[in-house]
Number of protein chains: 2
Amino acid sequence: MKSQKNTHVTLQQVAEHAGVSRATASLVVRGSQNISETTREKVFNSMHELGYVYDRVAANLRSKSSTTVGLIIMELANPFYSELLIGIHQTLDQFGQTVILGTTFDSCTIQDRLLSTMLEHRVGGVILSAVPGTSGEAVERVRRWGIPIVLVNRILPGTQCDFVGIDNVAGGQLAVEYLIRQGHRRIAFLGGLAKLSSWQGRKQGYDNALRQAGLEIDHSLIIESPATRDCGIELIQRLLSIPNPPTAVFCYNDIMAIGAMMKMKEMGLTPGKDIAIVGFDDIPEAAIFTPKLTTVSSAIRLMGSHAAALLHARMENPDNEPQNIVLQPELIVRDSCSHSLSAMVPPLDKNLI
Amino acid sequence: MKSQKNTHVTLQQVAEHAGVSRATASLVVRGSQNISETTREKVFNSMHELGYVYDRVAANLRSKSSTTVGLIIMELANPFYSELLIGIHQTLDQFGQTVILGTTFDSCTIQDRLLSTMLEHRVGGVILSAVPGTSGEAVERVRRWGIPIVLVNRILPGTQCDFVGIDNVAGGQLAVEYLIRQGHRRIAFLGGLAKLSSWQGRKQGYDNALRQAGLEIDHSLIIESPATRDCGIELIQRLLSIPNPPTAVFCYNDIMAIGAMMKMKEMGLTPGKDIAIVGFDDIPEAAIFTPKLTTVSSAIRLMGSHAAALLHARMENPDNEPQNIVLQPELIVRDSCSHSLSAMVPPLDKNLI
DNA sequence: CTGAAAGCGCTTACAG
DNA sequence: CTGAAAGCGCTTACAG
């Protein structure tokens, strides 16, 4: 009657209206089996008539459950993370969980604050792409509360934890082997911070490929930097002005590769023709740039999807063994490294192949 | 002592440990002024010693408040929306609010479901980029629950609601006037769905600019479509094969413009030289593409930031007049439309300028 | 299948 | 500044 301004209808009121007890109404809302068809209908009718809205927050409090998951990433502006969010959000949605988002900008302080906030919000679990240098204590604090945590993309040494990531070694190797097959001998590894586990992996793959081809590692061709576009722009310039510049560049990630290619074009160079470029991640931008970027796919959405599934499994079964999911990368060949350079480089020693 | 597996510490226990009442402890946690320094310290010490974590969910339930905001957008894969999310998330963060995200994929059914979920989660407010064709009833249902709602980017006719968006008419006019000044006379308006308020605005701006220059509107140059990259690819092809093709194209948004330019390059055409292209939104990709896309900025992050601020203001002051924030667009001149075409087109009649 | 009671962890008055 | 009591909206046993 007086439902002009829907003053909050409670389950209590629904029960009274339907002529049943609160407990019964509660069972109906939660879809219990042991309720007669007629009772169920009576309750549903009352719900609709009164405009009832289930209060998940109250329910969660009482039953000590949770329908939210905390996601902590570096920043949204990086397409890698928005893709990751897409994957995570999509599969969490299927489990009826909603995500609470936090961005660290790679600051440990912010990450600590976010972790606290998530605990205060009683999240059912946390998906964390950890700031490099995160202490094991930080994740322990969360788990001591009985809140499961899965690490994504970035490994945390010394922590027994569910993890999902890409095989960076294989990825790096894939990229550099390809460049070698294209005839390149001087191949740079550009950008990324050496403290990141993903950098170490990719670098390892780079080393492996070079070594297997009998090529020497020239440390002047390996330059560290934050993995930003601007650094890509800056580093390629530096790299091309050294006495004996590389003919190919394996970039730490696509963002850097795109920065590098932009600068090259500005310098009058044609990426893929004058210098070969390979990226890592396969962000959407890689396919729209000219030339289209040859890159190693990180299967980002899939990674997100796995992270969500892993967390869900862990929430159901807290005491299982920690799982490690390592996705296999794939080389996506596009236009940023053609054969045209092979003429200028000497063939490999026969005995090495 | 037994804090191995931190069994949930409650405020009750903190109070006991500190030798104060529950009420006092509660006041301390919330930072009340009327507490003596010594009491405050005692309580804080106990909190740390016991490893207490404030339960925001319980607090919100009791005090009928909320620290979450629902955000409903079309999809995350569209850079426009991830930029919007960045703006919203950032300023909501400053207000201590966290966002619960939902994506509609432009389906009314999904949107209704999301709205319900948000209500069940007791969000303190909703920021909605509404599916075209959303009934006013849907937003009324939310507001009847006393939950404020702000519309972002897409207007909803007949709804009295806070709103923040861009001046699409001015934006369209800016773009087309620029093309006319560059010497173009046959200018297409490519893509977008006519049912979207933003399409109608941009189209209006297009009409205005043409009319003011004394140019006729040729309806064969106006093609509707979903605002996707693939449609951009498809439409440009169709547009260029008509008997008297345009020399310039104003695209509904940047995504379509990029699709169109990709196709043109594939066809051996140089965007900006053979045909001028202007986009709308200024997504990050616009600055990366070759040629760099000349476009109308939607000030996306700012829009998100305003939406968050508006919602916050409304939550504080539910009974104020609904506010309308209309951002002024800006033309970002880059490389996708040069002067080089001006030679091929006749000058404007003098009496029209 | 139902009802009465207790409780999730906090805040809200209100009397001291 | 403090304590005892009630209550936010729900779920959980448990006896019928």
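Numbered from 1 within each chain, the chains take letters A, B, ... in sequence-line order.
- Taking the side chain as every heavy atom from C-beta outward, B:Arg30 and B:Tyr54 approach each other to under 4.5 Å.
- Residues A:Arg314 and A:Val150 form no side-chain contact, since every pair of their non-hydrogen atoms from C-beta on lies 4.5 Å or further apart.
- With a 4.5 Å cut-off on side-chain heavy atoms, A:Ile147 and A:Arg122 do not count as touching.
- Of all nucleotides listed (C:dT2, C:dC10, D:dT11), D:dT11 comes nearest to the side chain of A:Arg62.
- Between B:Asp55 and A:Leu61 there is a side-chain heavy-atom pair separated by less than 4.5 Å.
- The strand DNA chain D forms stems, runs of 3 or more Watson-Crick or G-U wobble pairs with distances below 3.5 Å, at C:1-3 with D:14-16, C:5-12 with D:5-12, C:14-16 with D:1-3.
- Residue order along DNA chain C, read from the 5' end via each residue's closest nucleotide, puts B:Ala58 first among B:Arg30 and B:Ala58.
- Counting heavy atoms from C-beta on, the side chains of B:Val69 and B:Ile100 never come closer than 4.5 Å.
- Distance, A:Leu27 CG to C:dC1 P: 10 Å, rounded to whole Å.
- Within a heavy-atom distance below 4.0 Å of DNA chain D, the residues of residues 16-26 of chain B found are B:Val20, B:Ser21, B:Arg22, B:Ala23, B:Thr24.
- The phosphate of C:dT12 has neither OP1 nor OP2 within less than 4.0 Å of any side-chain N or O from B:Lys64.
- For the pair B:Leu114/B:Gln111, no side-chain contact is recorded, criterion being any heavy-atom separation below 4.5 Å from C-beta on.
- B:Asn60 places its CG atom 19 Å from the P atom of C:dC8, with the value rounded to the nearest Å.
- Using a 4.5 Å heavy-atom threshold, the side chains of B:Glu137 and B:Arg144 count as touching.
- Backbone-only engagement by B:Leu11 is indicated by non-hydrogen atom pairs under 4.0 Å involving sugar-phosphate atoms exclusively.
- For C:dT2, the OP1/OP2 oxygens have a side-chain nitrogen or oxygen of A:Thr39 closer than 4.0 Å.
- Looking at heavy atoms from C-beta onward, A:Thr134 lies in side-chain contact with A:Leu156 at the 4.5 angstrom threshold.
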